[in-house]
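Lettering follows sequence order; numbering is per chain, from 1. In this text the structure is predicted, and so the values were computed from the model without any measurement.
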Amino acid sequence: MKRTQYCNDVRAKDVESRVTVCGWVDTRRDHGGVVFLDLRDRTGLVQIVLNPSTNDAVAKVAHDVRTEFVLAASGVVRLRPDGNANPNMDTGEIEVMIDDCEILNRAKTPPFEISEDCAAAEETRLKYRFLDLRRPNLQRILMLRHKAAQYVRRYLSDHGFIEVETPVLTKSTPEGARDYLVPSRVNKGHFFALPQSPQLFKQLLMVAGFDRYFQIVKCFRDEDLRADRQPEFTQIDIETSFLDREDLFKIMEGLISGLWKDTVGVDLPLPFRRMSYAEAISKYGIDRPDLRVPWELKEITSHFGKSGFSTFDGIVEKGGIVKAVNCKGMMEKFPRSVLDAMKDVVAPYGAKGALYIRVQPDGSWQSPLAKAISPELQKAIAAELDMTPGDIVFIVADVPKVVNDSLAFLRVHLGKFCGVLDEKQSELLWVTDFPLLDYDAKDKRYVAMHHPFTSPHPDDIALFETDPLKIRALAYDLVLNGSELGGGSIRIHSSDVQSKVFRALGIEEKEAREKFGFLLDALSFGAPPHGGIAFGFDRLIMMLAGTESIRDVIAFPKTSSASDLMCDAPSAVDARQLKDLHIKLT
RNA sequence: GGGGUGGUAGUUCAGUUGGUUAGAACGCCGCCCUGUCACGGCGGAGGUCGCGGGUUCGAGUCCCGUCCACCCCGCCA
């Protein structure tokens with residue numbers, strides 16, 4: 001029995017013709033005589049009818065068959081009798097009257113129901129991922145993922161990009177995330193690292209003259225997991241030569257908008273919006289603002305210090321800042337109980353609380369601040385924050401990081417709470433001009449904000465000597481609805497500038513040669529001006545599929561403690577294997 | 001590393017103030033049923049209450065420890 005078509009492809013056009021379908025038994029409805037089966041494959045369902053009076057073979061299968069058995073069945077397609085069509089089913093108009101069928105394999109009762117709305121705990125589903133993957137939801141997402149990958153390959157190929165594979169066994173680098181290490185058997189005591197990204201290789205491909213490179217590639221970072229973070233994940237990695245930032249943005253906007261159009265049929269407005277890092281932090285407190293929420297943050301530090309409200313005055317005297325967000329017209333949504341809960345909303349970010357101002361119909365304030373500060377000061381703040389009756393304002397005062405982190409989160413939280421955030425909207429944004437360096441207070445040194453190969457802004461080179469933290473980088477992120485889709489930079493192509501950056505990072509000449517000698521060499525052999533970007537492919541699929549968890553877009557994901565419940569990895573290994581690798585466990 | 005939530009039948013859950021034999025629904029098994037599609041009817045099986053210790057006459061319930069899953073902070077150039 002050879003399959004003639006997929007289940008969901010059997011339609012009214014096939015009436016009177018003979019078909020053979022193969023698949024899994026989704027449901028079985030036994031009427032004592034006739035047995036109805038919904039047969040499932042990757043396309044969907046079709047109802048097949050087993051009438052025991054047809055012949056002995058059909059009678060036997062009808063009796064023996066159970067859910068999730070694998071079946072091949074042949075018969076003639078016919079319209080269902082009058083009044084028996086099922087409008088909830090793609091193939092509900094027809095059914096296949098089976099006269100020949102075979103159980104290809106039996107199946108144990110599955111630990112959970114293979115269905116769209118399966119309620120089993122994720123832990124159980126991860127252990128039996130091969131069964132979970134039978135569910136139509138996950139099948140749809142993986143097919144979407146396939147389609148997206150195909151689109152990306154086609155678009156980039158059409159734009160002259162060449163897909164090149166880079167090593168998975170590579171060299172550990174000191175900067176950035178923790179590496180996954182692979183011991184070398186041949187070179188005792190030495191280790192490969194799995195790539196955090198193919199960063200250096202793609203730059204070397206530019207030096208080699210490939211001009212436009214891409215790769216859909218696995219990357220590895222040994223850091224703690226989150227709902228949108230896995231230890232191994234996939235990037236669309238891209239690098240180009242002889243293009244400036246604007247050229248690159250244009251090609252990438254075409255890629256992303258085309259991807260949205262091709263996979264989910266959504267038109268993204270072009271060009272994408274732009275914002276500097278400094279503006280993003282100022283207005284939203286974060287470098288990946290969710291622009292679906294209309295409210296902006298406003299700094300009101302200058303009004304405090306001698307305001308009479310000692311809590312804020314003290315914070316400002318110690319160099320802290322005060323910022324506020326005005327939820328226009330939302331006062332009524334905040335009864336006392338909700339206001340009290342705000343403390344818990346900002347607590348994870350280190351804020352002691354979020355002070356509120358409710359603007360009454362007569363313009364007066366209902367606020368812990370109302371009695372503490374003068375009417376004149378109230379007026380000035382009201383003007384600054386555009387406060388009108390019915391507004392509610394939340395204020396946080398603390399060190400800048402705490403204020404920005406907590407208000408950035410609170411702003412989106414409030415937007416969702418007040419219903420002003422439209423989940424269906426897609427707000428894309430390029431964030432540009434990131435700082436080149438960040439200061440690591442723990443290690444007392446500068447670290448690269450993006451990575452050590454990012455070009456400083458040419459206008460800011462002099463700042464290396466005076467104020468390194470003010471140096472802007474030619475680095476950028478693409479942000480969608482508060483989530484980072486990707487980021488990249490124009491790279492350093494001069495070994496002089498590269499040395500300058502290494503020096504600023506406190507990487508000695510000798511260490512730089514040791515760790516990155518091949519890159520410095522390459523830059524000195526005629527490196528073209530180049531730059532690129534990398535997109536988190538899994539996150540793109542999350543957006544397209546509308547899922548909350550990255551595990552939903554990966555066929556075989558890991559748990560939040562980085563283990564695989566299905567194959568029980570990682571696991572202990574034989575003593576012999578360790579010996580070969582010159583490894584002794586402590 | 002820190003905080004939070006959860007873990008009871010195959011699955012999803014309930015389980016009172018610590019009290020006799022730990023329940024429900026779905027699923028599963030058997031029988032009946034020839035037009036169902038959440039088919040229906042009758043009957044039945046199914047439990048290391050995550051694991052270890054403690055308190056108690058008595059622990060699913062209280063205490064201590066521990067493991068696992070999920071979410072958040074730190075971390076993730």
For [X] and [N], what is the distance between atoms [atom1] and [atom2] respectively, to the nearest whole Å?
X	N	atom1	atom2	value
Lys127(A)	C70(B)	NZ	P	15 Å
Asp287(A)	C76(B)	CG	C1'	13 Å
Ile48(A)	G35(B)	CD1	P	18 Å
Tyr349(A)	G74(B)	OH	P	7 Å
Asp440(A)	G74(B)	CG	C1'	13 Å
Gln230(A)	A69(B)	CD	P	12 Å
Gln47(A)	A38(B)	CD	P	11 Å
Asp568(A)	C68(B)	CG	P	11 Å

Could you label the plane-to-plane angle of the [X] and [Y] rings as parallel, tilted or perpendicular, counting under 30° as parallel and over 60° as perpendicular?
X	Y	answer
Tyr128(A)	Phe130(A)	perpendicular
Tyr277(A)	Phe434(A)	tilted
Phe516(A)	Phe502(A)	parallel

Kindly say if [X] contacts the phosphate of [N], meaning a side-chain N or O under 4.0 Å from OP1 or OP2.
X	N	result
Arg29(A)	C39(B)	yes
Asn88(A)	C37(B)	no
Thr559(A)	A69(B)	yes
Ser563(A)	A69(B)	yes

Nearest to the side chain of [X] - [options]?
X	options	answer
Ala177(A)	C72(B), C37(B), C76(B)	C76(B)
Arg226(A)	G35(B), G74(B), A69(B)	G74(B)
Arg229(A)	C70(B), C37(B), G74(B)	G74(B)
Ser560(A)	G35(B), C73(B), C70(B)	C70(B)
Thr27(A)	G35(B), C39(B), U34(B)	C39(B)

Does [X] have any side chain to side chain contact (heavy atoms under 4.5 Å, CB included) partners at least two apart in sequence or in another chain, and if so, which?
X	value
Pro81(A)	Arg78(A), Asn84(A), Glu95(A)
Lys13(A)	Gln5(A), Arg11(A)
Pro348(A)	none
Pro231(A)	Tyr180(A), Leu225(A), Lys558(A), Ala562(A)

Describe the nucleic acid contact of [X] in one word from base, sugar-phosphate, nothing, applying a heavy-atom distance below 4.0 Å.
X	answer
Arg445(A)	nothing
Thr67(A)	sugar-phosphate
Pro52(A)	nothing
Thr173(A)	nothing

Thinking salt bridges, do [X] and [Y] make one under a 4.0 Å N-O criterion?
X	Y	answer
Asp552(A)	Arg125(A)	no
Asp237(A)	Lys202(A)	yes
Glu223(A)	Arg229(A)	no
Lys218(A)	Glu232(A)	yes

Partner nucleotide, any strand, of G44(B) [Watson-Crick/G-U, under 3.5 Å]: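 The answer is C28(B), by the H-bond criterion.
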Nearest-angstrom distance, [atom1] atom, [N] to [M]:
N	M	atom1	answer
G2(B)	U55(B)	C1'	30 Å
C49(B)	U11(B)	C1'	16 Å
G10(B)	G54(B)	P	28 Å
A38(B)	A22(B)	P	36 Å
G7(B)	G60(B)	C1'	12 Å
G53(B)	U61(B)	P	14 Å
A69(B)	G43(B)	C1'	38 Å
G44(B)	A14(B)	P	27 Å

Under the salt bridge (Lys or Arg N to Asp or Glu O under 4.0 Å) rule, collect the residues that match up with [X], sequence neighbours excluded.
X	result
Asp228(A)	Arg539(A)
Asp287(A)	none
Lys352(A)	Asp398(A)
Glu68(A)	Arg40(A), Arg134(A)

His63(A) atom NE2, over 12 foreign heavy atoms within 6.0 Å: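 At most 12 heavy atoms, drawn from other residues, nucleotides or ligands, come within 6.0 Å of this atom.
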Residue whose closest nucleotide on RNA chain B lies nearer the 5' end, Phe36(A) versus Pro348(A):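 It is Phe36(A), whose closest nucleotide lies nearer the 5' terminus.
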Selection: residues 215-224 of chain A, any non-hydrogen atom under 4.0 Å of RNA chain B: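 Per residue number, the list reads Arg221(A), Glu223(A), Asp224(A).
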Neighbours of RNA chain B within residues 498-506 of chain A, by heavy-atom distance under 4.0 Å: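 Result for residues 498-506 of chain A: none.
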For Val25(A), the option from Val70(A), Asp38(A), Val65(A), Ile48(A) that meets side chain to side chain contact (heavy atoms under 4.5 Å, CB included): Val65(A)
Check: Arg551(A) side chain, C70(B) base, donor-acceptor under 3.5 Å: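 No, no donor-acceptor pair under 3.5 Å.
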Heavy-atom protein contacts under 4.0 Å, nucleotides 5-15 of chain B, coded B base, S sugar-phosphate only, - none: -----SSS---
Can you give me the N/O atom pairs linking the protein to nucleotides 30-33 of chain B at distances under 3.5 Å, or say none if there are none?
unit_1: G30(B); atom_1: OP2; unit_2: Arg66(A); atom_2: NH2; d: 3.1
unit_1: C33(B); atom_1: N3; unit_2: Asp30(A); atom_2: O; d: 3.2
unit_1: C33(B); atom_1: N3; unit_2: Gly32(A); atom_2: N; d: 3.3
unit_1: C33(B); atom_1: N4; unit_2: Asp30(A); atom_2: OD1; d: 3.4
unit_1: C33(B); atom_1: N4; unit_2: Gly32(A); atom_2: N; d: 3.2

